[in-house]
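Everything numeric in this text was worked out from a predicted model, so none of it was measured. In what follows, chains carry the letters A, B, and so on, assigned in the order in which the sequence lines appear, proteins first and then strands, with residues in each chain numbered from 1.
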Amino acid sequence: MQDGRRSFVQWMLGGGFTASILSFIYPAIRFLDPPKTTEAAVNEVPAGKTTDLKPNAAKIVKFGSAPVLLLRLSETEWKAHSAVCTHLNCTVQYDDVKRLIWCACHNGYYDLNGQVVSGPPPKPLKEFVVNIRGEEVIISRQA
Amino acid sequence: MPAAKPSAPDSRWIDERIGIDSIRSLLAHKTVPVHSATIWYYFGGITLFLFLIQVVTGILLMLYYRPTTTEAYESIQFIMTKVQFGWLIRSVHSWSANLMILAAFIHMFSVVFLHAYRKPRELTWLSGIALLGLALTFGFSGYLLPWNKISYFATKVGTDMASWVPLIGPGLARVLRGGEDVGGATLTRFFALHVAVLPGLTTLLLLVHLALVQKHGISAPPWLEPSKVRSMPFFPNFLLRELMAWYGALAVLGCLAAIFPWELGEKADPFASAPAGIRPEWYFLAPFYTLKLIPSHVLMLDGELIGILGFTLLALWWVTLPFWAVDREGATRVRWVTGAGVFLIAYLSVFSILGYIR
């Protein structure tokens with residue numbers, strides 16, 4: 001009976017102590033997790049004038065908080081892909097000699113449709129839609 | 001062994017309060033084995049010395065450094081161009097960080113080849129490996145602080161690798177970055193880690209490591225007959241030699257920092273492509289090159305996952321060395337361990353060289 005009471009009191013004190021410590025640790029751990037930003041979704045961005053980019057050239061365009069690679073393949077052919085390498089998150093660039101998209105971090109290559117050609121990237125680059133309105137280049141998400 | 005000298009009359013007051021005689025007697029009984037490989041014993045102390053240089057120069061840099069994306073790069077530019085000897089202090093900080101990691105690696109491999117991890121020094125080995133892990137984390141977190149192009153992409157890759165850790169990966173990467181991508185929040189987190197969390201943890205662990213070294217003494221290699229091992233007193237014989245080694249390390253550090261000042265590079269631009277020839281610091285080159293070689297998919301698994309699992313297994317194998325180095329009869333597998341050390345050095349050197357030149 002005595003032992004049972006003692007054990008009960010020990011459990012209560014131990015449990016209470018543990019719970020009180022956890023109640024201090026839990027907010028600290030949650031504090032480390034950054035709040036999810038509620039940025040308005042961007043569906044379309046202007047990417048400058050057609051004359052800004054020569055054929056067989058590319059540039060990085062801000063699409064909200066993400067970089068997009070805009071490619072001008074010829075006078076009339078335009079492409080846009082996410083510029084974030086699907087391997088380890090580096091920003092890709094256009095290799096105008098090989099006519100491929102290249103990630104300098106781990107030597108990954110994609111073709112002009114964003115498909116993996118060689119190297120470690122596991123997935124193709126996400127494609128965006130390019131529209132020409134007059135002289136202005138518009139990049140938008142795929143439907 | 002001569003007995004410790006009695007306290008001088010003027011030191012009696014201090015001795016009554018802190019017991020300086022016990023420290024003196026401890027030092028009088030501490031010895032260091034003397035044999036053909038004694039020179040390797042100096043590298044632990046050299047690592048400690050370079051850590052102290054890091055602390056002093058780090059505190060000085062903190063007086064001017066500002067951890068925001070708009071000011072970090074500019075504040076280091078200011079340190080290097082306007083502050084008196086700022087270029088030197090920053091260069092010494094960067095060079096001593098690299099030399100400290102090199103000295104720690106030499107110290108670790110000397111422990112392996114002299115088989116100093118053996119019973120009862122398993123915890124000394126584990127605390128040493130943890131200190132090396134902290135040193136590498138110091139390097140990784142400090143690399144981002146100048147907010148230049150190379151460090152920006154190195155951090156993107158490093159934190160993205162964390163996201164491939166099974167189950168907790170994405171959450172871990174978010175906590176490390178302070179958001180979905182590397183940015184201002186990452187910089188402030190890495191700064192806090194670099195100047196507060198890591199120094200605190202390192203100091204604690206360093207005290208544990210040194211206390212264990214003090215408790216078990218310095219190990220002699222197993223091929224020497226214990227009764228025939230010569231020794232020298234730690235104080236003053238070994239300590240004076242160690243101080244000479246520190247002075248030599250300081251000379252090397254001063255020459256490197258003055259002749260080859262550490263470059264700052266170009267300011268990071270989150271909307272620029274990763275530059276050609278990008279590579280991490282030399283001590284991350286081997287895993288960097290390994291990641292280049294792993295194909296995108298191996299047996300239905302993603303290449304990145306294979307990389308993370310491979311590095312984790314390699315690290316576990318190395319960390320548990322004192323436990324698999326002993327056979328059932330309790331004898332040390334000297335050849336196995338030496339072979340493992342040679343294998344790891346070969347992997348690290350060959351892959352680091354390939355990572356540098358390709």
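Of all heavy-atom pairs between N89(A) and K156(B), the closest is O-CE, 2.6 Å. When every heavy atom of H87(A) is checked against every heavy atom of W164(B), the shortest pair comes out as O-NE1, 4.2 Å. When every heavy atom of P270(B) is checked against every heavy atom of P67(A), the shortest pair comes out as O-CG, 4.5 Å.
Using a 4.5 Å cut-off between heavy atoms, T86(A) touches chain B through its backbone atoms (N, CA, C, O) alone. Residue contact with chain A, scored on non-hydrogen atoms closer than 4.5 Å, is absent for P280(B). There is no contact between R279(B) and chain A, counting heavy-atom distances below 4.5 Å. Contacts between R358(B) and chain A at a heavy-atom distance below 4.5 Å are absent for every atom of the residue. Contact of F288(B) with chain A is made through backbone and side chain together, with heavy-atom distances under 4.5 Å. Contact annotation for A272(B): only backbone heavy atoms (N, CA, C, O) come within less than 4.5 Å of a heavy atom of chain A. In this structure, no portion of A185(B) lies under 4.5 Å from any heavy atom of chain A.
In this structure, the side chain of S273(B) engages the main chain of V92(A) through a donor-acceptor pair within 3.5 Å. Judged purely by atom type and a 3.5 angstrom limit, R174(B) has no side-chain atom pairing as donor or acceptor with the backbone of D33(A).
Sparse packing is recorded around CD of E266(B), with 12 or fewer heavy atoms of other residues, nucleotides or ligands lying under 6.0 Å away. By the neighbour-count criterion of 12 heavy atoms within 6.0 Å, atom CG of L22(A) is densely surrounded, having more than that number from other residues, nucleotides or ligands. Within 6.0 Å of CD on E71(B) lie more than 12 heavy atoms contributed by other residues, nucleotides or ligands. No more than 12 heavy-atom neighbours from other residues, nucleotides or ligands sit within 6.0 angstrom of OH on Y64(B). By the neighbour-count criterion of 12 heavy atoms within 6.0 Å, atom OH of Y356(B) is sparsely surrounded, having that number or fewer from other residues, nucleotides or ligands. The 12-atom threshold is not exceeded at CZ of R66(B), counting heavy atoms of other residues, nucleotides or ligands nearer than 6.0 Å.
Contact count versus chain A (heavy atoms, under 4.5 Å) is highest, among R189(B), R177(B), M161(B), for R189(B).
In this structure, C90(A) SG and I278(B) CD1 are separated by 5.5 Å, a value rounded to the nearest 0.5 Å. Atom-to-atom distance recorded for D269(B):CG and I60(A):CD1 is 9.0 Å, nearest 0.5 angstrom.
V116(A) is not listed as a side-chain neighbour of S296(B), based on a closest heavy-atom distance of 4.5 Å or more. Put simply, the side chain of P122(A) reaches to within 4.5 Å of the side chain of E304(B), judged on heavy atoms. The side-chain heavy atoms of L291(B) and L88(A), taken from C-beta on, include a pair separated by under 4.5 Å. Between D181(B) and V84(A) there is no side-chain heavy-atom pair separated by less than 4.5 Å.
Contact residues of residues 100-113 of chain A toward chain B are W102(A), A104(A), C105(A), H106(A), N107(A) (heavy-atom distance under 4.5 Å).
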